[in-house]
Amino acid sequence: MSSRETGRQPKYQRIAAELRAAVETGRYRPGDRLPGENDLMADYGVARMTARQALGVLQAEGLAEARKGAGVFVRDFRPIRRRGIERLARTQWGEGRSIWSADIGARELVVDSVEVTEEPASAVVAAVMGLGEGALVCVRRRRFVLDGKPVLLSTSSLPADLVTGTPITEPETGPGGTYARLAELGHGPVRFREEIRSRMPGQGEADRLALPAGVPVVLIVRTAYDAEGLVVEVNEMTLDSSAYVLEYDFEA
């Protein structure tokens, strides 16, 4: 009789739930090794595949990570609380602070890969910006690493005719970042729109974010508008879903 028919969870899910509870109560702390497949087989009287599936559940949830030849360990990483409204406030970038400072406090953030090019806008970006076929945009591609772990891939597109010859086309844009430089050009953002969805990563995304098998990504597309309604940036972001809590705090 199947688990659906009995109303009971599959064995691997029940084992995963017990391990999860042990982590949440502090029996296993960040960095601790979890029981291995052989341990789980002996303790629960299950087959190796069942034990492997149980550990795989915790890895897919981002609670644990496998280390080659060493076992599965409780993940030693505090999720980022991405404060979706506070981080984009003019009081952040307008006063020379990184929008990331609203999310991470004193934690160490590194942009370990920056590529700035001028290229034809993608079909999606051209449609959002209202650009004609072949119109050029400045594209800034970056990878963000927090506490030594890749957490975000970002591809930001801006109208080339607006930003060519400005610090926005340089790897380092200066205090306050791209939005502060747009403000100096008279096109500072006054409104943002974000669309959020999730999916499984492509192989290239999984490699660049060092994702365990089974971990999905969160996709955020942010559009920035100036006071005249001109789209001044489209930022397509790919986030490690297990590394983030998306927080939106606003008045009723």
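Note that this is a predicted model, so its numbers are computed, not measured.
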Shared ILVMFWY cluster between V221 and V128, side chains joined below 4.5 angstrom? yes

Salt-bridge test for D32 and R27: reply yes if a basic N is under 4.0 Å from a carboxylate O, no otherwise. no

For V114 versus V111, what's the shortest heavy-atom pair and its separation? CG2-CG1, 3.4 Å

Listing, residues 137-144 side-chain donor-acceptor contacts under 3.5 Å, not counting sequence neighbours, or none:
| unit_1 | atom_1 | unit_2 | atom_2 | d |
| --- | --- | --- | --- | --- |
| R140 | NH1 | I168 | O | 2.8 |
| R140 | NH1 | E170 | O | 2.6 |
| R140 | NH2 | P171 | O | 3.1 |
| R141 | NH1 | E119 | OE1 | 3.3 |
| R141 | NH2 | E119 | OE2 | 2.9 |
| R143 | NE | D112 | OD1 | 3.1 |
| R143 | NE | D112 | OD2 | 3.3 |
| R143 | NH1 | R208 | O | 2.6 |
| R143 | NH2 | D112 | OD2 | 2.5 |

Any heavy-atom pair between the side chains of Y244 and V218 that's under 4.5 Å? no

Using the side chain to side chain contact (heavy atoms under 4.5 Å, CB included) rule, pick out the option among L209, V151, L152 that qualifies with T238. L209

In one Ile/Leu/Val/Met/Phe/Trp/Tyr side-chain cluster, 4.5 Å: V116, L136: no

Indicate yes or no: at least one non-hydrogen side-chain atom of V215 is less than 4.5 angstrom from one of Q59. no

Please report the shortest heavy-atom distance between M41 and A51, naming the atom on each side. CG-CB, 4.1 Å

Give a yes or no on this: more than 12 heavy atoms of other residues, nucleotides or ligands lie within 6.0 Å of atom NZ of K149. yes

Pairing residues for F192 by the ring-ring contact (aromatic ring centres under 6.0 Å, His included) criterion, not counting sequence neighbours: Y179

Check for me, please, whether V163 and V232 land in the same ILVMFWY cluster - side-chain distances under 4.5 Å, paths through other members count. yes

Would you say that D240 contacts V217 through its side chain, given a criterion of any heavy-atom pair below 4.5 Å between the two side chains? no

Minimal heavy-atom distance between P175 and A180, with the atoms involved, is O-CB, 3.5 Å

Does either side chain, that of E233 or that of S156, offer a donor lying less than 3.5 Å from an acceptor on the other one? yes

Rounded to the nearest 0.5 Å, how far does CG of L211 lie from OG of S241? 7.5 Å

If you group Ile, Leu, Val, Met, Phe, Trp and Tyr by side-chain heavy-atom gaps below 4.5 Å, do L131 and V124 land in one group? no

Is Y248 atom OH crowded by more than 12 heavy atoms from other residues, nucleotides or ligands, each under 6.0 Å away? yes

Taking side chain as C-beta onward, heavy atoms only, is L239 less than 4.5 Å from R82? yes

Separation between CD of E194 and CG of L219, rounded to the nearest 0.5 Å: 12.5 Å

Could R193 and Y225 be counted as a cation-pi pair, given that NZ or CZ must be under 6.0 Å from the ring centre and within 45° of the axis? no

Donor-acceptor pair, side chain of R181 and main chain of T173, under 3.5 angstrom: yes

Taking R29 for its side chain and V23 for its backbone only, find out whether a donor-acceptor pair lies under 3.5 Å. no

For G36 versus D39, what's the shortest heavy-atom pair and its separation? N-OD2, 2.9 Å

For the pair R67 and E65, find out whether any cationic side-chain nitrogen is under 4.0 Å from an anionic carboxylate oxygen. yes

To the nearest 0.5 Å, what is the distance between CG (L40) and OH (Y12)? 14.5 Å

Taking every heavy atom of R33 against every heavy atom of A70, the minimum-distance pair comes out as NE-O, 3.1 Å

Hey, can you pull the donor-acceptor pairs under 3.5 Å for the side chains in residues 199-206, sequence neighbours left out?
| unit_1 | atom_1 | unit_2 | atom_2 | d |
| --- | --- | --- | --- | --- |
| R199 | NH1 | E205 | OE1 | 2.8 |
| R199 | NH2 | E205 | OE2 | 2.9 |
| Q203 | NE2 | D207 | OD1 | 2.8 |
| E205 | OE1 | G202 | N | 2.8 |

Would you check, one step at a time, whether the test side-chain hydrogen bond (donor to acceptor under 3.5 Å, both in side chains) holds for N235 with T155? CA-CA 6 Å; N235 194 345; T155 300; over 6 Å; no

How far apart are the C-alpha atoms of E18 and Y44, what are their side-chain angles, what is the distance that settles it, and do they pass the side chain to side chain contact (heavy atoms under 4.5 Å, CB included) test? CA-CA 11 Å; E18 291 187 21; Y44 291 93; 2.6 Å; yes

Side chains of E236 and L153: does their closest heavy-atom pair fall under 4.5 Å? no

If you round to the nearest 0.5 Å, how far is CG of L19 from CG of L55? 6.5 Å

As a quick check of understanding, evaluate side chain to side chain contact (heavy atoms under 4.5 Å, CB included) for V57 and R20, giving each step before the final call. CA-CA 10 Å; V57 168; R20 188 186 305 109; 3.9 Å; yes

Hydrophobic clustering (ILVMFWY, side-chain heavy atoms < 4.5 Å, transitive) - are L230 and V125 grouped together? no

If you round to the nearest 0.5 Å, how far is CD of E247 from CZ of R83? 4.5 Å

Is there a side-chain contact between V245 and R81 (heavy atoms, below 4.5 Å)? yes

Go through it in stages, so that I can follow the logic: the residues are H187 and L162, the test is side chain to side chain contact (heavy atoms under 4.5 Å, CB included), and I'd like the CA-CA distance, side-chain angles, deciding distance and then a yes or no. CA-CA 9 Å; H187 292 278; L162 179 65; 3.3 Å; yes

Heavy-atom closest pair, residues V74 and P30: CG1-CA, 3.8 Å

Is there a side-chain contact between I15 and T50 (heavy atoms, below 4.5 Å)? yes

Within the 4.5 Å heavy-atom criterion, are E184 and L182 side-chain neighbours or not? no

